[in-house]
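Every chain is numbered from 1 and lettered A, B, ... according to where its sequence line falls, protein lines coming before strand lines.
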Protein chains: 2
Amino acid sequence: MEIFFDTLSKSVLFSNISESEIKKMLVCLKASYRKYSKGGMMIWEGDKVSEVGILLYGTARSLKNDIDGKTIIVTMIEPSNFIGILLACSQKRKSPVSVQASQEAYAVFFPIEIIIEGCSKRCNCHKILMKNLLAGIAEKAMVLHDRNDCLIKSSVREKIMTYLLTVSKDQGSKKISIPLDRSSMAEYLNVERSSLSRELSKMKRDGLINYKKNYFVIF
Amino acid sequence: MEIFFDTLSKSVLFSNISESEIKKMLVCLKASYRKYSKGGMMIWEGDKVSEVGILLYGTARSLKNDIDGKTIIVTMIEPSNFIGILLACSQKRKSPVSVQASQEAYAVFFPIEIIIEGCSKRCNCHKILMKNLLAGIAEKAMVLHDRNDCLIKSSVREKIMTYLLTVSKDQGSKKISIPLDRSSMAEYLNVERSSLSRELSKMKRDGLINYKKNYFVIF
DNA sequence: CAAAAAATGTTGCTTAGGCAACATACCTCC
DNA sequence: GGAGGTATGTTGCCTAAGCAACATTTTTTG
């Protein structure tokens with residue numbers, strides 16, 4: 001698993017920890033490495049999750065079955081992202097999503113208890129680890145918060161504007177490039193792609209914004 | 001502030017910590033107590049927040065100004081609830097909401113750094129504190145997740161069903177009592193109260209659910 | 001218990017936006 | 001360059017659900 005070491009050290013969980021420290025920690029964290037073939041399941045809907053994972057290679061996605069059976073994708077997971085951090089931290093709760101490898105993938109898992117409780121050796125990096133874990137969840141929560149913020153708006157226009165303003169605050173400019181194409185943006189805002197396009201046109205016409213591809217200017 | 005000690009010890013932050021320990025900790029946590037009159041602001045939209053608070057008395061609400069200026073209420077905060085936990089933990093971010101006392105209120109704030117870094121005395125309760133903080137955020141994140149789950153549904157019926165099923169899982173029964181009245185439920189699901197009532201009737205008629213007041217049965 | 005107030009339900013009207021179908025622009029690779 | 005593919009934009013039609021106004025039920029309180 002050495003080859004994925006870089007990915008691991010880029011993760012939020014191990015930020016601000018030196019490579020040599022990480023290597024030491026991997027042992028006391030009871031790291032367990034797992035390989036998945038395309039379509040393999042890392043977490044099943046309904047599981048109780050007591051490990052937090054980090055994707056090392058490949059991509060994964062979290063998905064759930066809608067009431068009427070169709071599958072919807074909740075998030076995309078990239079190398080060095082967390083897997084199941086929310087679940088692992090909130091414990092009691094059963095997973096509302098499944099996590100599936102979208103291609104061949106490798107991941108490493110750590111029992112959450114060891115991160116929280118610290119190992120018997122009490123290496124002082126555990127404090128940093130814990131801090132990183134906290135930052136990781138806070139970040140997840142913020143992502144959820146931001147989407148909520150868009151979703152609670154009643155009109156398509158307000159949803160778009162809220163989204164653009166959030167990105168704008170984030171990038172500290174009224175000229176922004178967004179990370180989503182129209183389809184993804186529509187999905188994120190929970191509107192029809194065509195309705196999104198329609199409203200974007202109107203907003204441009206009304207002099208609220210300008211845009212080309214994924215570059216936007218807010219007036 | 002002694003009189004609010006009970007409230008404090010009921011908070012998630014201090015769960016599993018004995019009263020005597022809490023008293024000791026309050027000192028090294030650099031607790032700062034604040035009083036607010038009705039309408040007083042605990043956090044202003046745009047603030048950077050570096051303290052996590054706990055409401056001791058009264059009620060507060062987090063609110064934000066909509067794009068077109070009208071104020072919307074995001075959450076209600078009750079005694080022993082956290083104030084600004086997400087913000088304090090994710091740090092860099094400026095607050096997207098203001099927090100306002102809806103009546104005369106008391107609160108206590110702790111610099112988040114001290115909780116995370118531990119105080120100089122290294123009292124061993126800090127580990128528990130940190131664990132509690134983690135649980136607190138994870139819980140917040142879950143709340144956000146659950147609402148998202150409802151909001152991303154396209155029809156009123158699906159939103160209702162998703163909400164009811166989540167509560168049902170939570171209470172471990174198909175017969176549930178929900179904590180929201182119709183208006184709040186409508187607000188939570190981001191639909192019109194009348195549309196909610198209409199759809200509930202239809203769902204009853206269609207034999208999907210039964211209900212009376214805030215008691216629901218899912219078939 | 002009666003009256004007032006609050007919560008919930010009902011219903012006609014209207015419209016934003018979902019849906020489908022097609023148009024245009026943009027990319028890429030032979 | 002052109003052929004195929006993908007991303008984006010446009011438009012007519014139609015329905016779900018917003019809105020307003022009123023009805024009924026439940027709760028409060030004097």
Side-chain angles (χ1 to χ4, degrees), chain A residues 59 66-68 70 72-73 76 102 147 149-164 167 176-218, chain B residues 59 66-68 70 72-73 76 102 147 149-164 167 176-218:
Chain A
T59 56
D66 217 337
I67 301 169
D68 44 323
K70 64 182 171 186
I72 51 173
I73 295 168
M76 295 299 304
S102 13
R147 187 162 182 208
D149 222 39
C150 294
L151 292 176
I152 58 172
K153 300 294 151 61
S154 42
S155 67
V156 173
R157 178 172 295 207
E158 282 177 300
K159 286 181 202 211
I160 295 171
M161 213 53 194
T162 304
Y163 173 65
L164 292 179
V167 177
I176 57 179
S177 81
I178 66 171
L180 305 173
D181 63 21
R182 294 289 180 281
S183 297
S184 315
M185 187 174 169
E187 200 180 316
Y188 181 83
L189 299 177
N190 206 34
V191 300
E192 269 298 302
R193 188 194 57 77
S194 66
S195 305
L196 172 60
S197 272
R198 170 164 42 195
E199 196 59 34
L200 282 172
S201 303
K202 284 189 195 168
M203 289 169 79
K204 185 191 275 185
R205 198 192 57 201
D206 293 352
L208 276 172
I209 59 172
N210 199 359
Y211 61 92
K212 171 135 206 174
K213 272 202 62 185
N214 63 324
Y215 299 100
F216 286 76
V217 185
I218 306 168
Chain B
T59 57
D66 217 336
I67 301 169
D68 44 322
K70 64 181 172 185
I72 51 173
I73 295 167
M76 296 299 304
S102 14
R147 187 163 182 206
D149 223 37
C150 293
L151 292 177
I152 59 172
K153 299 295 151 59
S154 43
S155 68
V156 173
R157 178 171 295 208
E158 281 176 300
K159 286 180 202 211
I160 295 170
M161 214 52 193
T162 304
Y163 173 66
L164 292 179
V167 178
I176 58 180
S177 80
I178 67 171
L180 306 172
D181 63 20
R182 293 289 180 280
S183 297
S184 315
M185 186 174 170
E187 200 179 317
Y188 180 84
L189 300 177
N190 206 34
V191 301
E192 269 298 302
R193 188 195 55 79
S194 67
S195 305
L196 172 61
S197 270
R198 168 164 42 198
E199 196 60 34
L200 282 172
S201 302
K202 285 189 195 167
M203 290 170 78
K204 185 190 274 184
R205 198 193 56 203
D206 293 352
L208 275 171
I209 59 172
N210 200 357
Y211 62 92
K212 170 135 206 172
K213 272 204 60 187
N214 63 324
Y215 300 99
F216 286 76
V217 185
I218 307 168

I'd like to know if the side chain of A:Arg147 reaches the main chain of A:Tyr188, judged simply by a donor and an acceptor atom lying under 3.5 Å from each other, with no hydrogens or angles considered.
yes
Side chain to side chain donor-acceptor pair (under 3.5 Å) partners for B:Asn210, two or more places apart:
none
With B:Ser154 via side chain to side chain contact (heavy atoms under 4.5 Å, CB included) - residues at least two apart
B:Glu158
Is there side-chain contact between B:Glu192 and B:Val156, with heavy atoms separated by less than 4.5 Å?
no
In chain order, what residues pass the side chain to side chain donor-acceptor pair (under 3.5 Å) check against B:Ser102, with sequence neighbours excluded?
B:Thr59
Please determine whether any donor N or O and acceptor N or O are separated by less than 3.5 Å between the side chain of B:Arg193 and the base of C:dG9.
yes
Quick one: which of A:Val191, A:Leu180, A:Asn214 gives a side chain to side chain contact (heavy atoms under 4.5 Å, CB included) with A:Met185?
A:Leu180
Rounded to whole Å, how long is the line connecting atom CG of B:Leu180 with atom P of C:dA7?
13 Å
Looking only at non-hydrogen atoms, find the nearest pair between B:Leu151 and A:Asn190 and report the distance.
O-ND2, 3.1 Å
Does A:Arg198 get its side chain close enough to the base of C:dG18, under 3.5 Å, for a donor-acceptor pair?
yes
Nearest whole angstrom, please: distance from the P of C:dA16 to the CD of B:Glu192.
14 Å
Axis-to-axis angle across the helix from C:dC1-D:dG30 to C:dC30-D:dG1, five pairs each end, nearest 10 degrees, ~ 40°
Between atom CZ in B:Arg157 and atom P in C:dG18, what is the gap in whole Å?
19 Å
Could you check how far NZ of A:Lys159 sits from C1' of C:dA16, rounded to whole Å?
11 Å
Residue pair A:Ser177 / A:Val167: nearest heavy atoms and the distance that separates them
O-CG1, 4.4 Å
Outermost nucleotides of DNA chain D that come under 4.0 Å of a non-hydrogen atom of chain A:
D:dT8 to D:dG12
Just the rounded figure in Å: distance from P of C:dG17 to CG of A:Leu196.
11 Å
Over all strands shown, is A:Ser194 touching base, sugar-phosphate only, or nothing at heavy-atom distances under 4.0 angstrom?
base
Starting from C1' on C:dT8, measure out to NZ on B:Lys204 and report it in whole angstrom.
11 Å
Contact class for A:Lys212 (heavy atom, under 4.0 Å): base, sugar-phosphate, or nothing?
sugar-phosphate
Contacts under 3.5 angstrom, residues 196-208 of chain B side chains, donor-acceptor by atom type, not counting sequence neighbours:
from: B:Glu199; atom 1: OE2; to: B:Arg157; atom 2: NE; distance (Å): 2.8
from: B:Glu199; atom 1: OE2; to: B:Arg157; atom 2: NH2; distance (Å): 3.2
from: B:Ser201; atom 1: OG; to: B:Ser197; atom 2: O; distance (Å): 3.0
from: B:Asp206; atom 1: OD2; to: B:Arg157; atom 2: NH1; distance (Å): 3.2
from: B:Asp206; atom 1: OD2; to: B:Arg157; atom 2: NH2; distance (Å): 2.9

Ignoring backbone atoms, establish whether B:Ser197 has a side-chain N or O less than 4.0 Å from OP1 or OP2 of C:dG9.
yes
